[in-house]
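In each ligand, atom 1 is the first atom listed, and ligand 1 is the first ligand listed. Source: prediction; values computed, not measured.
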Amino acid sequence: MSHIFLYGPPGTGKSIVGKKLAANLKLPFIDLDCVIEANAGRSIPQMMEMQGEFAFRELESLALKNSVTEKEGVIALGGGVLLREENRAVAESAGKIILLTAKLETLLDRLNADFDKRPLLTGSLREKLSALLAKRAEHYASFSIQLNVDEKSVEQNVRQLQIVLGLHHLSAMGEYDVVVSDISNLKNFPMQNPIIVTDENVAKFHAQHVVDVLHASGFDPKLLTVPAGESYKTLDTVNRLWQGFLDAGLDRKSTVIALGGGVVGDMAGFAASTFMRGINWIAVPTTLLSMVDASIGGKTGFDLSEGKNLIGAFYPPKLVLVDPKLLKTLPDAEFISGMAEVVKHGIISDPELFYLCGRGMDWVKNNLEEIVKRAVAVKIKIIEDDPYEKGFRAALNLGHTVGHAVELVSKFQLRHGEAVAIGIVAEAKYAERLTVAEKGLSDAVAESLSALGLPVHIPKEMSREEIIRAMRVDKKKNAGSIRFALPVEIGRVELVDVMDLESVLD
Ligand SMILES: NC(=O)c1ccc[n+]([C@@H]2O[C@H](COP(=O)([O-])OP(=O)(O)OC[C@H]3O[C@@H](n4cnc5c(N)ncnc54)[C@H](O)[C@@H]3O)[C@@H](O)[C@H]2O)c1
Ligand SMILES: [Zn+2]
């Protein structure tokens, strides 16, 4: 990782947004103007008046140079620092610059509140600000990452920034970062004696690259490859992992890197949770499903012949590193299946994500990074609010009550995502019948899912009775009623306890 610079016209909220962003990411925060004032022992307006703008700009350049030598953090820049080419070069080589933008009216509203601190804008604020924006229009337009802050709260802007940056810090069952970035950033993460756990398919495409990345940072990583697929998500395979850890000489300080889909992540995480009473692990998900779902939230485990995920532990990794480029080698059917979870996340709390998915597969594949970043952010927000699944985390079950049952009755002929797509539509129709959801919601959802190549109808030959029975068995712990996560509108779901399961399917 590197520094995050917030830049843009006066009044865009660089300081307040930057401070909150830094707090969320557990990073240090520097407000460059405050540093300059502290160094000079006087306020910026005083500096301007006594020494002139050139002298102030000199101090600003110096402060910038010094600040980038500090530990990586969030740095709020004054609105004109990067006009100097040398300063821009310093910032560009030390991190990412995000330009905050806003309409003139928004800026005026905010600046009117504290205009005495803005020496370049005293006098008629509107005129001066308009002139300043016009003068700097080309300059500001030249920054590639921009975020408009109009009509949004500080929290919303910070959240949006985190999505754009692909940076999150979870404080749920332990502290860890979830980062959407290039796999080569693995080298920046502290670890010891790493061992890569992967499956045969993923190994073919990606293992060597990860080995090379770790080699380049001075490690001599071991590689442990297990057979691919759910049928190997067993105690036998976990046992092979434990044995492999012993053979490789792992100790309590070693780090397991799970490179693979949900199957590898669940098993490697579980093996790490129990090996020597728990060693560090890092998740590097390689399927869409594991990027947006399985790798986030700290659930690990394996299957028994009696059922899936019956044995497991909450044991979050120390880092989740999501590199959407790894999806290039993922078979299409797996990719499409993963899109059901992405659409689900859109329906739960990100309408924009839902509409983007509606643009179809070509658009999605050409804009994968944005899709993955948004979907990851939805899951993170829910986990943060409810790490142990005591309440609203159940929202993630949208489509899964019917979906799991359909998956089971199909004897796993339907992929998980396919069954979930069918489940989402069935549950949306049910929500409409209950008048929990607005009319037309299920059609909109079905249209979006089928445009992505997902099925949306329960197969004709599948018995309704069997599905209902399967729902009951799946959730037998909630004797009597079953808790559904039902869509209310795109971007909002509600938890509803249902007794009369017969009424769920039309
Ligand atoms: N822990 C959780 O919170 C959680 C949540 C949801 C699902 N899960 C679990 O996740 C599992 C499903 O995960 P999945 O869908 O990722 O399945 P998976 O791990 O079996 O991967 C699917 C297939 O794709 C292959 N593959 C993976 N990445 C590839 C790549 N980049 N290129 C080429 N091939 C690749 C795999 O070898 C496998 O054959 C289930 O066991 C489920 O229980 C866990
Ligand atoms: Zn799922």
J.: Between ligand 1 and Lys379, is the shortest N or O to N or O distance under 3.5 Å?
T.: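 No - when backbone and side-chain N and O of Lys379 are compared with those of ligand 1, no distance drops under 3.5 Å.
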J.: Can you tell which of Thr198, Asp293, Asn201 gets a heavy atom nearest to atom 25 (C) of ligand 1?
T.: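 Going through Thr198, Asp293, Asn201 one by one, Asn201 has the nearest heavy atom to atom 25 (C) of ligand 1.
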J.: Under 4.0 Å, heavy-atom basis, I'd like to know which part of Ala228 is in contact with ligand 1: side chain, backbone, both or neither.
T.: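 It is the side chain that touches ligand 1; the backbone stays farther off.
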J.: Do Lys204 and Glu200 meet the salt-bridge criterion of a basic N to acidic O distance under 4.0 Å?
T.: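 Judged by the 4.0 Å cut-off on N to carboxylate O distance, Glu200 and Lys204 do not form a salt bridge.
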J.: Is there a donor in the side chain of His400 and an acceptor in the side chain of Glu427, or the other way round, less than 3.5 Å apart?
T.: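 Note: His400 and Glu427 side chains miss the donor-acceptor criterion.
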J.: Looking at Glu230 and Val263, would you say the former's side chain and the latter's main chain have a donor-acceptor pair under 3.5 Å?
T.: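 It does not hold such a pair.
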J.: Atom CG of Leu99 and atom CG of Leu147: how far apart are they, to the nearest 0.5 Å?
T.: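 If we round to the nearest 0.5 Å, Leu99:CG and Leu147:CG are 9.0 Å apart.
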J.: Considering the heavy atoms of His206, write down every atom of ligand 1 situated less than 4.0 Å from one of them.
T.: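 By the 4.0 Å cutoff, the relevant atoms are 31 (N).
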J.: I need the contact type for Glu200 against ligand 1. Using non-hydrogen atoms and a strict under-4.0 Å cut-off, is it side chain, backbone, both or neither?
T.: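 Neither part.
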J.: Do Phe219 and Val213 have side chains that approach each other closer than 4.5 Å (heavy atoms only, starting at C-beta)?
T.: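 Counting from C-beta outward, Phe219 and Val213 never come under 4.5 Å.
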J.: Within a distance under 4.0 Å of any heavy atom of Val202, pick out the atoms of ligand 1 and give their elements.
T.: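 Numbered from 1, ligand 1 contributes 26 (N), 27 (C), 28 (N), 29 (C), 35 (C).
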J.: For ligand 1, is there an N or O atom under 3.5 Å from any N or O atom of Lys308?
T.: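 There is no such contact.
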J.: So, Glu369 and Lys373, do they make that salt bridge, N to O below 4.0 Å?
T.: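 Here Glu369 pairs with Lys373 in a salt bridge, since their nearest N and O are under 4.0 Å apart.
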J.: Which label fits Phe275 and Phe245: parallel for a plane angle under 30°, tilted from 30 to 60°, or perpendicular past 60°?
T.: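 Correct class here is perpendicular.
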J.: Tell me whether the guanidinium CZ or amine NZ of Lys365 lies under 6.0 angstrom from the six-membered ring centre of Phe335 and within 45° of its axis.
T.: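 Yes, a cation-pi geometry.
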J.: Looking only at distance, does Asn309 have an N or O less than 3.5 Å from an N or O of ligand 1?
T.: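 Looking only at distances, the answer is yes, because the N/O contact criterion of under 3.5 Å is met.
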J.: Among Thr286, Thr329, Leu330, which residue places a heavy atom closest to atom 24 (O) of ligand 1?
T.: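 Result: the heavy atom closest to atom 24 (O) of ligand 1 is in Leu330.
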J.: Using 30° and 60° as the class limits, which term best fits the ring planes of Phe270 and Trp242: parallel, tilted or perpendicular?
T.: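 Aromatic pair Phe270/Trp242 classed tilted.
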J.: Just heavy atoms, cut-off under 4.0 Å: does Leu327 contact ligand 1 by side chain, backbone, both, or neither?
T.: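 No part of Leu327 is near ligand 1 at this cut-off.
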J.: Please work out whether any backbone atom (N, CA, C, O) or any side-chain heavy atom from C-beta onward of His416 is under 4.0 Å from ligand 1, and answer side chain, backbone, both or neither.
T.: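 The answer is neither; His416 stays 4.0 Å or more away.
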J.: Under 2.8 Å from the Zn ion (ligand 2), which protein atoms of type N, O or S occur, listed by chain and number?
T.: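 Glu341 OE2, His400 NE2, His416 NE2, with waters left out.
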J.: With respect to atom 21 (O) of ligand 1, which of Thr300, Ile383, Thr287 exhibits the smallest heavy-atom separation?
T.: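 The nearest heavy atom belongs to Thr287.
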J.: Let me check something: any side-chain donor-acceptor pairs from residues 306-318 under 3.5 Å, sequence neighbours excluded? List them with distances.
T.:
unit_1: Asn309; atom_1: OD1; unit_2: Lys233; atom_2: NZ; d: 2.6
unit_1: Tyr315; atom_1: OH; unit_2: Ile279; atom_2: N; d: 3.2
unit_1: Tyr315; atom_1: OH; unit_2: Ile279; atom_2: O; d: 2.8

J.: For Ser450 and Gly453, indicate whether the former's side chain and the latter's backbone hold a donor-acceptor pair under 3.5 Å.
T.: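 Between the backbone of Gly453 and the side chain of Ser450 there is no qualifying donor-acceptor contact (under 3.5 Å).
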J.: What distance separates Leu259 CG from Ile282 CD1, expressed to the nearest 0.5 Å?
T.: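 Result: 11.5 Å between the selected atoms.
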J.: Can you tell me how far the CD atom of Glu489 sits from the CD atom of Glu494, to the nearest 0.5 Å?
T.: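 Spacing of CD (Glu489) from CD (Glu494) equals 10.0 Å.
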J.: Could you grab the distance from atom CG of Leu214 to atom CD1 of Ile183, nearest 0.5 Å is fine?
T.: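 The CG atom of Leu214 sits 8.5 Å away from the CD1 atom of Ile183.
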J.: Which atoms of ligand 1 are found less than 4.0 Å from any heavy atom of Lys233?
T.: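 In order of number, 9 (C), 40 (C), 41 (O), 42 (C), 43 (O).
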J.: Quick one: which ligand 1 atoms are inside 4.0 Å of a heavy atom on Asp199?
T.: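 So the answer, numbered in order with elements, is 36 (C), 37 (O).
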J.: Check each of Leu505, Ile468, Val420, Val425 against Val402 using the side-chain contact (heavy atoms from CB on, under 4.5 Å) test, and report the only one that passes.
T.: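 It is Leu505, the one option of Leu505, Ile468, Val420, Val425 that forms the side-chain contact (heavy atoms from CB on, under 4.5 Å) with Val402.
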J.: Nearest protein heavy-atom contact for atom 40 (C) of ligand 1: which residue, which atom, what distance?
T.: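 Protein heavy atom with the smallest distance to atom 40 (C) of ligand 1: Glu230 OE1, 3.1 Å.
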J.: Taking only heavy atoms of Leu289 into account, list the atoms of ligand 1 that are under 4.0 Å away from them.
T.: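 Taking each heavy atom of Leu289 in turn, ligand 1 has 7 (C), 10 (O), 12 (C), 13 (O), 14 (P), 15 (O) under 4.0 Å.
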J.: Among all protein heavy atoms, pick the one closest to atom 2 (C) of ligand 1 and tell me residue, atom and distance.
T.: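 Scanning the protein heavy atoms, the shortest distance from atom 2 (C) of ligand 1 goes to Ala294 O, 3.5 Å.
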J.: Using a 4.0 Å heavy-atom cut-off, which part of Pro331 comes near ligand 1: side chain, backbone, both, or neither?
T.: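 Near ligand 1, Pro331 shows its side chain, while the N, CA, C and O stay back.
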J.: So which heavy atom in the protein is nearest atom 44 (C) of ligand 1, and how far is it from that ligand atom?
T.: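 Closest protein heavy atom to atom 44 (C) of ligand 1: Asp266 OD2, 3.2 Å.
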J.: One residue to check: Lys299. Relative to ligand 1, which of side chain, backbone, both or neither has a non-hydrogen atom less than 4.0 Å away?
T.: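 The answer is both, backbone and side chain.
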J.: Around atom 10 (O) of ligand 1, find the nearest protein heavy atom and jot down its residue, atom name and distance.
T.: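 The closest heavy atom on the protein side is Gly262 CA, 3.3 Å.
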J.: Could you tell me, atom by atom, which parts of ligand 1 come under 4.0 Å of a heavy atom of Leu326?
T.: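 In order of numbering, the contacting atoms are 31 (N).
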J.: Could you state the interatomic distance from CG (Leu170) to CG (Leu319), rounded to the nearest 0.5 Å?
T.: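 It is 11.5 Å, given to the nearest 0.5 Å.
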J.: Say whether Asp236 and Thr234, considering side chains only, have a donor N or O and an acceptor N or O under 3.5 Å apart.
T.: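 Distance-only check fails for Asp236 and Thr234.
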J.: Measure Val263 to ligand 1 on non-hydrogen atoms and call it side chain, backbone, both or neither using the 4.0 Å cut-off.
T.: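 Within the 4.0 Å criterion, Val263 contacts ligand 1 through backbone and side-chain atoms alike.
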